[in-house]
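For the single chain, residues carry numbers from 1 onward in sequence order. From a predicted model like this one, the values you see are computed outputs, not experimental measurements.
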Amino acid sequence: MSSRKKYFFASDFHLGLSAKTVSEDRERKIIRWLTSIQSEAKSIFLVGDLFDFWFEYKTTVPKGYVRFLGKLAELKDAGIDIFIFTGNHDLWMRDYFPKELNIPVYHKPIIKEIEGKKFMIGHGDGLGPKDKGYKILKKVFTNPFCKWAFRQIHPDFGIRLANYFSKKSRYAQKPEEHKLKNLEDEWLYLYAREKAKNTDINYFVFGHRHLPLDIEIKKDCRYLNLGDWLDYFTYAVYDGKKMEIKIFENEHDSFPVYVHTLAGKS
């Protein structure tokens, strides 16, 4: 237990979606990553969109992901703290993870002190000055009546329908939406920059953007985006002194993270 001193952060696994890597291969890769950090992880933060779609009926959850869920149970039973956050693709999580795995689920960003530093952690969907269409849609999706109405649909049809629209929304996205243009277009960065004016937060840690980012806002204050496990296979690790984004199993590749400091970019 004394060797478990590091804190790990990852997001946007999108299990259930077959992209460049099919979902099962990606699931096995995620499990290899979780196994690789098991001996040194004190806490693991899984920051949203773990699944490409997730909806909890009263007695039913989506089929699959057995290896991933089993690994989470193993880590939790080994004494590792795990925190799960909902994203825009799995915002219908309810009590399955707390009841079955004793893992808390957060539906909004939280502020947490870790080794003397303050972290704001959340998926990031709906934050910042843009994403107005999604903000309206999220209110609809999280409306108690709408959730009740969807729950009345048989899971075989409901889950198939939800997966269809999830894929349609992804196909509608343009490739350039997952590229960095300039910082003034990065609405999660703008959100963090505005928040940093009136808070003493040291690290803003978000997902959702699907692009690994490490941007200095001011001295001792940074915004990090965790990237994804569709293209980048990136995660962040904090050892009590240093916070950095790393890539899993492709360390020989050119590092994909965009780093921007007050002195310039690298």
Side-chain angles (χ1 to χ4, degrees), residues 1-19 21-110 112 114 119 121-123 151 155 158-159 162-163 166 205 207-208 226-230 233-239 246 248-249:
M1 290 294 292
S2 60
S3 64
R4 292 179 180 164
K5 298 180 179 180
K6 295 183 179 180
Y7 302 81
F8 292 86
F9 307 79
S11 74
D12 293 276
F13 296 161
H14 287 275
L15 292 173
L17 173 72
S18 289
T21 56
V22 298
S23 181
E24 185 176 323
D25 291 342
R26 193 161 63 255
E27 182 180 10
R28 291 179 185 277
K29 186 166 186 173
I30 291 164
I31 291 168
R32 291 198 300 274
W33 170 65
L34 291 170
T35 300
S36 74
I37 67 174
Q38 188 166 349
S39 63
E40 55 184 357
K42 184 172 183 178
S43 299
I44 300 172
F45 297 83
L46 302 178
V47 192
D49 281 359
L50 308 184
F51 309 96
D52 204 54
F53 171 74
W54 181 275
F55 188 91
E56 293 179 22
Y57 296 83
K58 286 188 176 181
T59 58
T60 304
V61 296
K63 184 179 178 180
Y65 323 119
V66 175
R67 297 177 184 85
F68 175 61
L69 297 176
K71 188 63 185 182
L72 292 184
E74 177 189 340
L75 295 173
K76 184 65 178 179
D77 290 347
I80 298 172
D81 289 327
I82 301 174
F83 305 86
I84 286 179
F85 294 76
T86 59
N88 49 302
H89 281 258
D90 48 19
L91 51 82
W92 299 278
M93 288 183 178
R94 295 174 65 237
D95 57 6
Y96 179 80
F97 285 89
K99 285 185 175 180
E100 295 294 328
L101 302 174
N102 196 28
I103 295 174
V105 172
Y106 298 91
H107 295 267
K108 295 179 180 179
I110 65 169
K112 187 173 182 65
I114 302 175
F119 287 68
I121 308 164
H123 186 62
R151 198 171 287 118
I159 292 174
N163 282 329
S166 175
V205 183
H208 188 54
L226 299 170
D228 66 23
W229 286 66
L230 297 173
F233 308 100
T234 45
Y235 63 97
V237 57
Y238 179 62
D239 63 5
K246 294 186 175 184
F248 181 64
E249 287 189 346

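- Scanning for side-chain contact (heavy atoms from CB on, under 4.5 Å) contacts around Asp95 gives Glu56, Lys99, with sequence neighbours left out.
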Notebook entry, point to check: Phe8 and Phe45: ring-ring contact (aromatic ring centres under 6.0 Å, His included), yes or no, with the steps?
Noted result: CA-CA 6 Å; Phe8 292 86; Phe45 297 83; over 10 Å; no
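- Tested against Trp33 for a ring pair (Phe, Tyr, Trp, His ring centres under 6.0 Å), the candidates Phe233, Phe9, Trp229, Phe68 yield a single pass: Trp229.
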Margin query: I'd like to know whether Thr86 forms a side chain to side chain contact (heavy atoms under 4.5 Å, CB included) with His123, so could you lay out the CA-CA distance, the side-chain angles of the two residues, the decisive distance to 0.1 Å, and finally the verdict.
Written below: CA-CA 7 Å; Thr86 59; His123 186 62; over 6 Å; no
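- Between Val47 and Ser11, the shortest heavy-atom contact is O-CB, 3.3 Å.
- Residues that satisfy the side chain to side chain donor-acceptor pair (under 3.5 Å) test with Lys71, not counting sequence neighbours, are Thr35, Gln38, Glu74.
- Annotation: the span from Leu50 atom CG to Phe13 atom CZ amounts to 6.0 Å, rounded to 0.5 Å.
- Rounding to the nearest 0.5 Å places CD1 of Ile121 at 9.0 Å from OH of Tyr106.
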Next item on the list: Start with the C-alpha distance between Phe119 and Tyr7, add both sets of side-chain angles, then the distance that settles ring-ring contact (aromatic ring centres under 6.0 Å, His included), and finish with yes or no.
Entry: CA-CA 12 Å; Phe119 287 68; Tyr7 302 81; 7.7 Å; no
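- Here the OH atom belonging to Tyr235 is positioned 13.5 Å from the CG atom belonging to Leu46, to the nearest 0.5 angstrom.
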Item checked: Test log, rule side chain to side chain contact (heavy atoms under 4.5 Å, CB included), inputs Asn102 and Phe97 -> CA-CA 6 Å; Asn102 196 28; Phe97 285 89; over 6 Å; no
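- Between Phe248 and Ser36 the shortest heavy-atom distance is CE1-OG, 3.7 Å.
- Partners of Arg28 by side-chain contact (heavy atoms from CB on, under 4.5 Å), not counting sequence neighbours, listed by chain and number: Glu24, Arg32, Arg67.
- In terms of heavy atoms, Pro98 sits closest to Val105 at CD-CG2, 4.0 Å.
- For the atom pair Leu230 CG and Leu17 CG, the distance stands at 6.0 Å (nearest 0.5 Å).
- Checked against side-chain contact (heavy atoms from CB on, under 4.5 Å), Asp81 has the following partners two or more places apart in sequence or in another chain: Ser43, Lys76, Phe83.
- In this structure, Ile82 CD1 and Leu72 CG are separated by 5.0 Å, a value rounded to the nearest 0.5 Å.
- Counting heavy atoms from C-beta on, the side chains of Ile44 and Ile80 come closer than 4.5 Å.
- The CZ atom of Phe51 sits 8.5 Å away from the CD atom of Glu27 when rounded to the nearest 0.5 Å.
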Next item on the list: Determine, stepwise, if the pair Ile103 / Tyr96 fulfils side chain to side chain contact (heavy atoms under 4.5 Å, CB included).
Entry: CA-CA 9 Å; Ile103 295 174; Tyr96 179 80; over 6 Å; no
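- Not counting sequence neighbours, the partners of Glu40 by the salt bridge (Lys or Arg N to Asp or Glu O under 4.0 Å) test are Lys6.
- Summarising the geometry of Asp52 relative to Gly16, their closest heavy-atom pair is CB-C, 4.5 Å, with the distance given to 0.1 Å.
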Notebook entry, point to check: Where do Asp228 and His14 land on the side chain to side chain contact (heavy atoms under 4.5 Å, CB included) test, with the steps shown first?
Noted result: CA-CA 9 Å; Asp228 66 23; His14 287 275; 5.6 Å; no
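- The side chain to side chain donor-acceptor pair (under 3.5 Å) test applied to Asp90 returns no partner, not counting sequence neighbours.
- His208 and Asn88 form a side-chain donor-acceptor contact under 3.5 Å, judged by distance and modelled atom types alone.
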